[in-house]
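Notes for the one structure printed next.
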Amino acid sequence: MRKPTLEKALRFAKRLKVLDQKTGQMIPFVLNEEQQHALKLMLRHQRVIFGKGRQIGMSTVSAFFVAIMLIMNPGIPAAVISDEQEKSEDLLKRVRDWLVALKIPLLKDNVRSCSLQNGSSLRALSAMSTSEDSESRVGRSRSYGLIWCSEQAFWRNAKAVFAALTSTAGLSAMVLIESTGAPAGDLFESLARSAIPHEEATDDCDGYVRMFFSVEMHSAYRRSPDDISDERWAELQGIGFVKRESAAWWEWKRVTDFGGDTQRTLREYPVLFEHVFTGAGQRYYKETEQVDIESVDGLEVYPVRDEPRILAAVASDGLSSCPSAFAIVGAWSGQLHAAWKRPGLEVPMFARVVERAVRKWSPSDVVIECRNPHGSELKAILATVPGIPIRTISTTEARWATLRARLREDLPHIPIGPMLFEEARRVSVDLESGNTLGEDRATGLHALAVARAWWSDHPHHEKTREPNRNKVYKSPRNRASKRVNA
């Protein structure tokens with residue numbers, strides 16, 4: 001694969017403009033210190049991985065690098081993959097904008113792909129792929145010579161998706177991975193920890209080379225040192241800070257935008273490499289078993305026994321990012337039969353979804369969580385539909401803490417699919433405050449907890465066959481023949 005020198009790449013950059021986040025004006029593209037370090041590593045090595053904080057310009061310099069590679073390598077097929085299709089398409093647009101600014105003619109240009117006259121091309125893919133038996137369909141249709149993996153820590157089925165992409169890549173393929181952090185246990189952490197630090201990597205290194213960007217490196221993240229007290233500065237030095245002005249900015253960000261959440265602030269704006277994975281070991285649901293089932297439009301259906309069912313529904317307002325969800329469990333076994341969730345769904349539309357689920361699975365109980373007005377609205381709408389056995393449950397904070405703790409104990413014994421597994425992975429505990437974090441979007445687990453609570457508190461006894469009094473049964477102990485006495 002042909003790559004330019006750093007000097008030539010920087011000359012390309014001088015011909016481009018970017019949006020100034022502060023003024024909203026287009027300004028000349030001048031790479032900051034982190035971007036220059038990142039570009040130099042991309043030009044030097046074949047497989048690179050970046051751990052970073054927010055808003056340091058990593059996506060911008062990655063798009064710039066991909067644009068140069070498409071220009072200099074005729075016929076190369078490239079792909080950009082993010083945790084959501086919309087994000088991948090936005091990254092592709094950045095590359096296309098660079099190409100247009102450089103006056104590179106395009107043969108094909110749409111929201112999901114673009115092709116250059118020299119035969120090179122770029123496709124936008126989503127990591128939110130269905131998978132079967134740990135196999136992903138992402139990228140299997142063609143072989144890529146350049147793979148840009150964005151926000152890999154947040155991919156669903158990350159191992160399956162990444163294996164599908166890299167297994168078809170050529171031996172000389174370039175792999176670029178960049179992501180902010182997430183609690184421990186994902187593929188990104190495994191790759192980042194096993195990669196060679198860039199300070200130790202040689203030019204002939206054929207493995208992954210790692211570069212980490214501390215919040216202290218970014219010149220925009222500065223405030224007056226006097227904004228923090230000497231006592232707080234001493235505490236922040238214990239975290240790893242060396243520059244007081246950086247620590248002052250980080251503390252301001254923690255209090256102002258993160259509500260004092262230290263763990264999340266460290267992940268989003270890490271000081272040390274370990275902070276990229278802050279929350280390791282602090283996952284609330286620590287032991288979960290993921291089963292490989294197909295998820296279609298947010299619905300996971302599990303291969304389980306035929307038995308009566310309980311459906312629990314949790315409604316959101318449809319305006320926030322918090323999804324509405326339902327979960328169905330067996331009335332005898334308590335095992336999960338199906339789960340579904342979707343954000344942006346107003347209550348009347350969610351009621352139609354629940355109604356269709358009732359017609360499909362015929363649950364003996366439809367339990368509606370009514371701790372907010374949205375649940376009450378859902379109940380009122382479903383009450384107008386004949387034949388739906390509506391039950392209600394109201395979870396106060398204390399009641400929810402009990403249900404959550406009960407689910408935590410039970411979850412190791414309940415196989416869950418990728419959607420719920422991803423929810424469980426993101427729920428953590430802040431060691432400082434003891435607060436449970438990440439529950440706002442874990443509504444699938446919330447519905448499962450409600451369904452399991454109803455199953456536990458209102459047992460359905462499995463019907464057993466009456467013995468045939470005229471039949472001879474063999475004892476399992478001595479195999480002796482016995483006749484059932486009248």
Side-chain angles (χ1 to χ4, degrees), residues 1-45 48-74 76 78-82 86-106 109 111 113-118 120-124 146-151 174-180 198 211-222 249 269:
M1 177 179 291
R2 295 180 59 209
K3 295 182 179 180
T5 62
L6 180 61
E7 292 73 19
K8 186 175 181 179
L10 293 178
R11 287 199 298 270
F12 268 112
K14 290 180 179 180
R15 299 164 55 184
L16 303 172
K17 291 187 176 183
V18 293
L19 180 67
D20 187 337
Q21 299 291 341
K22 294 182 178 179
T23 65
Q25 303 296 318
M26 300 301 293
I27 60 175
F29 180 30
V30 178
L31 278 72
N32 61 34
E33 183 181 359
E34 297 99 315
Q35 290 173 326
Q36 291 196 38
H37 284 309
L39 181 59
K40 185 176 181 180
L41 196 74
M42 296 175 198
L43 296 174
R44 184 184 177 194
H45 296 288
V48 292
I49 184 166
F50 297 93
K52 62 185 182 67
R54 295 286 182 187
Q55 300 298 320
I56 66 168
M58 193 67 224
S59 297
T60 299
V61 71
S62 298
F64 174 62
F65 172 77
V66 171
I68 294 176
M69 292 299 98
L70 294 175
I71 294 170
M72 296 191 63
N73 294 273
I76 185 175
V80 53
I81 309 95
S82 189
E86 183 178 355
K87 294 180 182 179
S88 297
E89 292 170 6
D90 180 66
L91 295 174
L92 182 143
K93 181 179 182 300
R94 296 193 193 187
V95 176
R96 183 173 63 243
D97 290 345
W98 288 133
L99 295 172
V100 172
L102 292 170
K103 302 187 185 305
I104 304 298
L106 302 178
D109 181 13
V111 294
S113 65
C114 67
S115 300
L116 285 65
Q117 284 189 349
N118 67 0
S120 60
S121 62
L122 177 64
R123 295 182 66 190
L146 171 59
I147 301 172
W148 174 13
C149 305
S150 181
E151 296 297 347
M174 173 79 189
V175 181
L176 162 60
I177 304 172
E178 46 89 5
S179 182
T180 46
H198 71 95
M211 181 173 283
F212 163 68
F213 293 112
S214 169
V215 67
E216 291 194 304
M217 292 183 63
H218 199 48
S219 59
Y221 297 159
R222 303 283 191 273
W249 181 91
Y269 299 96

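Note that the coordinates shown come from a computational prediction; the quantities given were computed from them, not determined experimentally.
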Test: R54 and E151 ion pair at under 4.0 Å: yes
With sequence neighbours excluded, residues passing salt bridge (Lys or Arg N to Asp or Glu O under 4.0 Å) with R15: none
Contacts of K17 that satisfy salt bridge (Lys or Arg N to Asp or Glu O under 4.0 Å) - sequence neighbours left out: none
Should [X] and [Y] count as side-chain neighbours, where that means a heavy-atom distance under 4.5 Å?
X	Y	result
V95	W148	yes
N73	S120	no
S150	K87	no
V66	V80	no
M42	S62	yes

Q36 side chain vs L31 backbone, donor-acceptor pair below 3.5 Å: yes
Side-chain (E178) to main-chain (M58) donor-acceptor, under 3.5 angstrom: no
Atom of S88, atom of I81 and distance for their closest heavy-atom approach: OG-C, 3.7 Å
For F29, ring pair (Phe, Tyr, Trp, His ring centres under 6.0 Å) partners two or more places apart: F64, W98
